[in-house]
Protein chains: 2
Amino acid sequence: MSGKLNATCFGCQVRHSTEWCALNDEELALLDGIKIPKAYEAGTTLFHQGDDCDGIYCMSSGLVGVRRLDAAGNSTLVRLCGPGETIGYRSFLKKSGHRSTAEIMMPSVVCFIRRTTVRTLLEQNPNLGLRFLDHTLKDAEEFEDRHFESVTFTVRSRLLSLLMVLYERFGQLNENGEPVLELPISRQDIAALIGASPETISRSIGAVQDEGLAQFRGRKVLFHNLDAVLQQLPAA
Amino acid sequence: MSGKLNATCFGCQVRHSTEWCALNDEELALLDGIKIPKAYEAGTTLFHQGDDCDGIYCMSSGLVGVRRLDAAGNSTLVRLCGPGETIGYRSFLKKSGHRSTAEIMMPSVVCFIRRTTVRTLLEQNPNLGLRFLDHTLKDAEEFEDRHFESVTFTVRSRLLSLLMVLYERFGQLNENGEPVLELPISRQDIAALIGASPETISRSIGAVQDEGLAQFRGRKVLFHNLDAVLQQLPAA
DNA sequence: GCTCCCGCTTGACGATTATCAAGGCGGCGG
DNA sequence: CCGCCGCCTTGATAATCGTCAAGCGGGAGC
């Protein structure tokens, strides 16, 4: 299942959008020889909440969801990670255990980079550290924004907001030039991302549809008026 | 109002808990000569949301609240900053404008450090950069936690959680050895911190009091049973 | 002292959302 | 083809929470 995968870093299509674009050819060769690419099936996990952090993961293809749960059984989908995204780097930088579980949401290829390797690269190339700092800053801002949203927005607004974010990442234009989104996750997971019950999500989707903003069929979303959706978002 | 203040960095009582503990004496002397300490009255602001970031602020004494608002008029109290805390450093690191407004909540002394000064120190001392990275990591985790809480906890739980956090920072034992907390902020601001209406906060406080967990008189909180409060928190 | 103002509380009501329960629909294995 | 099992929807109900409105109480200023 996890054979060679032809996955050299040099050929990695998403390398230039990752932290690793800070590396020169020599360093990249080191990383290439030592990283561990692997193919995962949907439903498996990269690591569990509470596990030690032995290194970081870099998505080559597919999609993983980062989940968080507490003792009371509450759970949330913290974020989605697609090709080019680094996973678990904050636990690595903090030298602490993982605060969440990384779950494969669709067949994916993910590279694992051992702690020691990352450390070596960081010592060699200070620019890599700056990239990680940038990433952490973005994370902090994103969580700040989401906290603000979850406290001030209604479920409907959060749903529309999420749809727009997903459209940026997964949206396309169909043969008629209309904006279309193939949802990468189930409605339960949409609920977990937004912080609402699946029932409320179902009803919210129905409402959005009734108003003619978009049409939902299974995981396909056809937007009738993208601007109208954007207008309804409480501007941050 | 803003005279000399006798505020040298060497004498700063909170220096060892700030990022600046990474500096050696020589660097500290540089910082000391070039920083700008100033006393502020309650109600004034350090900077406004949208302002350019010309440098960072370091609290010497007092308390400032960081507020965020959107076009629709929603507002939130993002965080409280006490002595030793650095404010606005993320906007500095991101080289972007301020995302929030920093408002003086009680008479405070705050030092301003110009952008260029911070940059010089960062180039001189890489450890300072690591301190900032650590701080950013902590911020990210804190926002992640608060997002999780705001989505999964009820207002009552969030209130209890906030009370415990405030107790850690501002709590004391009174003459009878009982845990007491002098709230540093108004109930409106508690509401803004938690993401609830003032009325709901008032009622939640009443409920907590009725159950005998604590006694509220103005801004004084007397905890009858700290462990009972902790037990009621959904363990993260 | 008095008044005004502001923060806090309280009550009544309504909107939003969660919860519980039932049923439909589609995929998948037999 | 059938039946099972998730996922999704829908409905009914209740809890949570926000909003509107009124009143209370303390502090500042006159």
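Since this is a predicted model, take the numbers as computed values, not measurements. Just so it is clear: chains get the letters A, B, ... in the order the sequence lines come, proteins before strands, and each one is counted from 1.
- Within residues 192-211 of chain A, the residues approached by DNA chain C to less than 4.0 Å at the level of any non-hydrogen atom are A/Gly195, A/Ala196, A/Ser197, A/Glu199, A/Thr200, A/Arg203, in residue-number order.
- For DNA chain C, the contact window with chain B, defined by any atom under 4.0 Å from a protein heavy atom, covers C/dG7 to C/dA12 in 5' to 3' order.
- For B/Gln188, there are no side-chain hydrogen bond (donor to acceptor under 3.5 Å, both in side chains) partners, not counting sequence neighbours.
- Sorted by first then second residue, the salt bridge (Lys or Arg N to Asp or Glu O under 4.0 Å) pairs that include residues 192-207 of chain B, not counting sequence neighbours, number zero.
- Inspection of the A/Thr136 and B/Thr136 side chains reveals no N or O donor paired with an N or O acceptor under 3.5 Å.
- Residues forming a side-chain hydrogen bond (donor to acceptor under 3.5 Å, both in side chains) with B/Thr86 (at least two apart in sequence, or on another chain): B/Glu19.
- At whole-Å resolution of the value, CZ in A/Arg219 and C1' in D/dG6 are 12 Å apart.
- An angle of 30°, rounded to 10°, separates the two end axes of the helix from C/dG1-D/dC30 to C/dG30-D/dC1, each defined over five pairs.
- Rounded to whole Å, atom P of D/dC17 lies 13 Å from atom CZ of B/Phe153.
- Listed by first and then second residue, the salt bridge (Lys or Arg N to Asp or Glu O under 4.0 Å) pairs involving residues 168-177 of chain A are A/Glu85-A/Arg169 (not counting sequence neighbours).
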Donor-acceptor pairs under 3.5 angstrom involving side-chain atoms of residues 215-224 of chain A: please list them, not counting sequence neighbours.
| from | atom 1 | to | atom 2 | distance (Å) |
| --- | --- | --- | --- | --- |
| A/Gln215 | OE1 | A/His224 | NE2 | 3.4 |
| A/Lys220 | NZ | A/Glu182 | OE1 | 2.8 |
| A/His224 | ND1 | A/Gly212 | O | 3.2 |

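- With sequence neighbours excluded, no residue forms a side-chain hydrogen bond (donor to acceptor under 3.5 Å, both in side chains) with B/Gln209.
- Looking at residues two or more places apart in sequence or on another chain, you find no side-chain hydrogen bond (donor to acceptor under 3.5 Å, both in side chains) involving A/Arg146.
- Every residue two or more places apart in sequence or in another chain that forms a ring-ring contact (aromatic ring centres under 6.0 Å, His included) with A/Phe112 is listed here: A/Tyr57.
- Listed by chain and number, the residues in a ring-ring contact (aromatic ring centres under 6.0 Å, His included) with B/Phe143 amount to none (sequence neighbours excluded).
- One atom, CZ of B/Arg156, and another, P of D/dA15, lie 16 Å apart when rounded to the nearest Å.
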